[in-house]
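Contents: one structure, followed by commentary.
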Protein chains: 2
Amino acid sequence: MSKIKKDNTEEKILEAAKTVFIKKGMDGARMQEIANEAGINKALLHYYFRSKQKLFEAIFTNLFKQIFPNIIKLMTSEEPIEKKLKEFIENYIDILTNNPRLPAFILREINRGVDFFGQIFRSQSINPNIIFAMFENEMEKGNIVRMNPRDIMLNILSMCLFPFAAKPLMQLMLFENDSEAYTQFMEERKASVTKFVLNAILLKDKHL
Amino acid sequence: MSKIKKDNTEEKILEAAKTVFIKKGMDGARMQEIANEAGINKALLHYYFRSKQKLFEAIFTNLFKQIFPNIIKLMTSEEPIEKKLKEFIENYIDILTNNPRLPAFILREINRGVDFFGQIFRSQSINPNIIFAMFENEMEKGNIVRMNPRDIMLNILSMCLFPFAAKPLMQLMLFENDSEAYTQFMEERKASVTKFVLNAILLKDKHL
DNA sequence: TCTAGTTTTGACCATCTGGTTAAACCATAT
DNA sequence: ATATGGTTTAACCAGATGGTCAAAACTAGA
């Protein structure tokens, strides 16, 4: 048994499937295209993963974990709220810069109406309540403005994720389709969004 | 020639196609499904619109206009910046509440890599520069914080659009999949986002 | 009523697509 | 060398899908 060979093709398949699925989505992707991308015979896809569905689940599950990675970890450190948010936003935008197509892919698939993604999410056992409690604690201490912690969380996620999900549109709208300008813009956004959020919620001196 | 009949079926088709395309996207939608939804024969779809592509373009073009409707109009009134932003956010979230699936649909299709959407956008002749100039003018007057006006615009759009685009995920994450709670939350967000944005950019007294 | 034009339909077609199968291939152990 | 067992391939299949077509059904004017 040649384990080296097996591991190699399996990885090639996963890599190819990831590329194709992210670009085309479950519906748009073709098994033949994945096979070509991996440089192998189409039947091999079914040999390693029984069906398109199973292959997709393997990819999606893995990618989904990457986009909601250590949110909890980042949000529950012992740092002051300013630093906590700053590091979260910077880290998150960095992750997304390295995986720019992930947000659009995830959004596309969670909107397909198949309940499969719900299972993934539940199995992740992400508990947002810990984060909400953290925000509420800061409100008690008078550090930040009183508001629904869900809004804070959602606002931050929106400002980080949406610009990637809507890249084709925003790049056209804001930078006449100049891809490099948009990348540069996202880099600067790490500081910009941080400032924006802190300005919005900090109670003490306005952080400028 | 029975104009009444014709207009009727054509409208039925457009309505059905809109429903199906929004739910399934171009790739996922089936002509048969659209025909069923419209309660007509599949061949009629091709009689009125030559191909799936043509039918899709008719729908997409129309929907696309709805989501970037009167942005300019709303943003260039003579009202003070506070009121301008308040009304924009409230109007925009209202529009989206009435068309909750639109953001996900648009995002899905603009990420399909087909350049067709670029043409639509250009034909819309939306000029963001007018909005940027407006923000820059407010900065000159010392009304708002100095920052890239693109960031302001993108932040607002993000906070309005993303919660709808990511509804299946956020509803699960924030409200244990309680749909009504999420709707209620979006209603309250009109005020919350407005406050958030004004807090973030206004220079004078912190608007609470 | 008859006729000409339009709308609607069922049957059909070529192609694509996910999936299967049987045979070939190949490294290893005996 | 040859038997063994995992790996890879070409050929194939059934069902789905976008699209076509000729005929039927309908409408309105002569």
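Chain letters run A, B, ... following the sequence lines, proteins first, then strands; residues in each count from 1. The analysis underlying the following values was restricted to heavy atoms, covering all of them including side chains, and did not include hydrogens, waters or symmetry mates.
- Classification of the B:Phe117-B:Phe121 ring pair by plane angle, with boundaries at 30° and 60°, yields tilted.
- Ring geometry, A:Tyr182 versus A:Phe185: the interplanar angle falls from 30° to 60°, so the pair is classed tilted.
- Between A:Lys52 atom NZ and C:dG19 atom P the separation is 8 Å, expressed in whole Å.
- Between A:Thr9 and D:dT8 there is a side-chain polar atom (N or O) within less than 4.0 angstrom of OP1 or OP2.
- Between the CZ atom of A:Phe49 and the P atom of D:dT7 there is a distance of 13 Å, given to the nearest Å.
- Residue A:Gln32 contributes atom CD, which lies 16 Å from atom P of D:dC12 at whole-angstrom precision.
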Give me, pair by pair, the N or O atoms of the protein and of nucleotides 9-11 of chain C that are less than 3.5 Å apart, along with how far apart they are.
unit_1: C:dT9; atom_1: OP2; unit_2: B:Asn41; atom_2: N; d: 3.1
unit_1: C:dG10; atom_1: OP2; unit_2: B:Asn41; atom_2: ND2; d: 3.2
unit_1: C:dG10; atom_1: N7; unit_2: B:Asn41; atom_2: ND2; d: 3.1

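- Residue A:Ile13 contributes atom CD1, which lies 11 Å from atom C1' of D:dT7 at whole-angstrom precision.
- Residues passing the side chain to side chain donor-acceptor pair (under 3.5 Å) test with B:Asn41: none are found, sequence neighbours excluded.
- At a threshold of 4.0 angstrom between heavy atoms, the contacts of A:Ala35 with the nucleic acid are absent.
- Shown here are the side-chain contact (heavy atoms from CB on, under 4.5 Å) partners of A:Thr19, two or more places apart in sequence or in another chain: A:Glu37.
- B:Asp27 has its CG atom 13 Å from the C1' atom of C:dT17, to the nearest Å.
- For the pair B:Arg30 and D:dG18, the criterion of a side-chain N or O lying under 4.0 Å from OP1 or OP2 is met.
- If you measure from atom CD1 of B:Ile34 to atom P of D:dG19, you get 11 Å, rounded to the nearest angstrom.
- The distance between atom NE2 of A:His46 and atom C1' of D:dA11, rounded to the nearest whole Å, is 15 Å.
- Using cut-offs of 30° and 60° on the angle between ring planes, the pair A:Phe56 and A:Phe60 is parallel.
- With hydrogens and angles ignored, the 3.5 Å screen pairs a side-chain donor or acceptor of A:Asn111 with a backbone N or O of B:Ala165.
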Test side chain to side chain donor-acceptor pair (under 3.5 Å) applied to A:Glu180 and A:Gln184, step by step: CA-CA 6 Å; A:Glu180 280 185 39; A:Gln184 171 68 14; over 6 Å; no
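- D:dA10 atom P lies 12 Å from atom CG of A:Asn36, rounded to whole Å.
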